[in-house]
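What follows is one structure encoded as structure tokens, with my remarks underneath.
Both counts, for ligands and for their atoms, begin at 1 and track the order of listing.
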Amino acid sequence: MIREILVYPNPILRKKSQDVMEFDTKLHTLLDDMNETMIASNGVGLAAVQIGELKNILLINIPIDDPMNPELDGQQLPENLIEAINPVITHKDGSQVFQEGCLSVPGFYEEVTRAEHIIVEYYNRHGQKQTMECEGFLAVAWQHEMEHLSGHVFIENLSFLKRKKFEKDWKKKLKGKN
Ligand code: Y12
Ligand code: CO
């Protein structure tokens with residue numbers, strides 16, 4: 001089922017998510033709903049809190065980057081879906097700047113500095129422990145989604161002046177929608 005995505009500044013997005021204790025069919029349904037919602041919204045990543053579920057769950061599916069193969073280029077393959085439950089970043093190093101967007105802040109994109117290389121531990125939907133080491137775009141996606149689980153949104157990483165401009169423009173944009 002496609003679920004509604006909460007939009008900034010919904011106060012639920014500021015809440016800290018809690019660990020999942022049971023790897024049951026209810027969890028599997030939530031993971032399936034999150035995936036349907038993410039794909040339907042052209043998302044690369046989604047945290048459970050973005051659909052109002054305060055659970056330590058995130059999804060990432062990086063689109064294929066293969067311009068020589070137009071059939072595959074930009075596709076999000078089911079086999080590339082990362083379903084991470086109770087994830088913890090155990091190592092970070094380096095630095096990279098990437099232009100980020102967020103399904104909870106639709107239409108706004110800004111550069112954010114994050115670690116270049118990370119190691120993360122998490123559980124899959126069956127409760128099996130996984131370790132992933134990654135860098136570049138995938139490492140950005142992990143760090144962006146992990147921030148949601150601790151009640152933060154990427155715009156909190158902006159400089160004071162950029163944040164002030166964002167808040168002014170965002171208020172105006174939301175007003176125009178009513
Ligand atoms: C790199 C940077 C950030 C992430 C976190 C995941 N972010 C997203 O998946 C953002 C998706 C997104 C999709 C949008 O919709 C379309 O492009 C059609 C969008 O634009 C609007 O909603 C108007 C904004 C964000 C992962 C990796
Ligand atoms: Co986001």
When you compare the side chains of Asn157 and Glu100, does any donor N or O come within less than 3.5 Å of an acceptor on the partner?
no

protein heavy-atom neighbour closest to atom 6 (C) of ligand 1 works out as Glu145 OE2, 3.3 Å

If I take atom CZ from residue Arg14 and atom OG from residue Ser150, how far apart are they, to the nearest 0.5 angstrom?
11.5 Å

Report yes if Tyr109 has an N/O atom closer than 3.5 Å to an N/O atom of ligand 1; otherwise report no.
yes

Distance-minimising heavy-atom pair for Leu59 and Glu145
O-CG, 4.3 Å

Take every heavy atom of Phe154, measure it against each atom of ligand 1, and state whether any distance is under 4.0 Å.
no

Quick one about Asn56 and Asn86 (side-chain donor to acceptor, distance below 3.5 Å, no hydrogens or angles considered), yes or no?
no

Once you restrict to heavy atoms under 4.0 Å, what part of Val44 touches ligand 1? Side chain, backbone, both or neither.
both

Atoms of ligand 1 under 4.0 Å from any heavy atom of His144, numbered from 1 in the order shown, are 3 (C), 5 (C)

Is the ring pair Tyr122/Trp142 parallel, tilted or perpendicular, if the boundaries are 30 and 60 degrees?
tilted

Any Met38 heavy atom less than 4.0 Å to ligand 1:
no

What distance do Ile57 atom CD1 and His148 atom NE2 have between them, rounded to the nearest 0.5 Å?
14.5 Å

Once rounded to 10°, what is the value of the angle centred on the Co ion (ligand 2) between His144 NE2 and Cys102 SG?
120°

Report the nearest protein non-hydrogen atom to atom 27 (C) of ligand 1: residue, atom name, distance rounded to 0.1 Å.
Phe137 CE1, 3.3 Å

Of all protein heavy atoms, the one nearest atom 23 (C) of ligand 1 is Gly107 N, 3.6 Å

Could you find the nearest protein heavy atom to atom 22 (O) of ligand 1 and give me its residue, atom name and distance?
Pro106 CB, 3.2 Å

What pair of heavy atoms forms the shortest contact from Gln143 to Ile89, and how long is it?
CG-CD1, 4.1 Å

Taking NZ, NE, NH1 and NH2 as the nitrogens, is one of them in Lys165 or Asp169 under 4.0 Å from a carboxylate oxygen of the other?
yes

Have a look at Ala47, Gly101, Pro63 and point out the one with the heavy atom closest to atom 10 (C) of ligand 1.
Gly101

Is there a nitrogen or oxygen of Gly43 sitting under 3.5 Å from a nitrogen or oxygen of ligand 1?
no

Starting from atom 15 (O) of ligand 1, which protein heavy atom do you reach first, and at what distance in Å?
Ser41 O, 3.7 Å

Give the numbers and elements of all ligand 1 atoms closer than 4.0 Å to a heavy atom of Val140.
1 (C), 2 (C)

Below 3.5 Å, N or O to N or O, backbone or side chain included: is there any such pair between Leu103 and ligand 1?
no

For Ala141, the ligand 1 atoms with a heavy-atom partner under 4.0 Å come out as 26 (C), 27 (C)

Distance-only polar pair, side chains of Thr90 and Glu121, donor-acceptor under 3.5 Å:
no

For the residue pair His117 and Gln96, confirm or rule out a side-chain donor-acceptor distance under 3.5 Å.
no

Would you mind finding which of His148, Glu100, Gln50 brings a heavy atom closest to atom 2 (C) of ligand 1?
Glu100

Does a salt bridge link Glu167 with Lys171, judged by any charged N lying under 4.0 Å from a carboxylate O?
no

For atom 16 (C) of ligand 1, what's the nearest protein heavy atom and its distance?
Asn42 CB, 3.9 Å

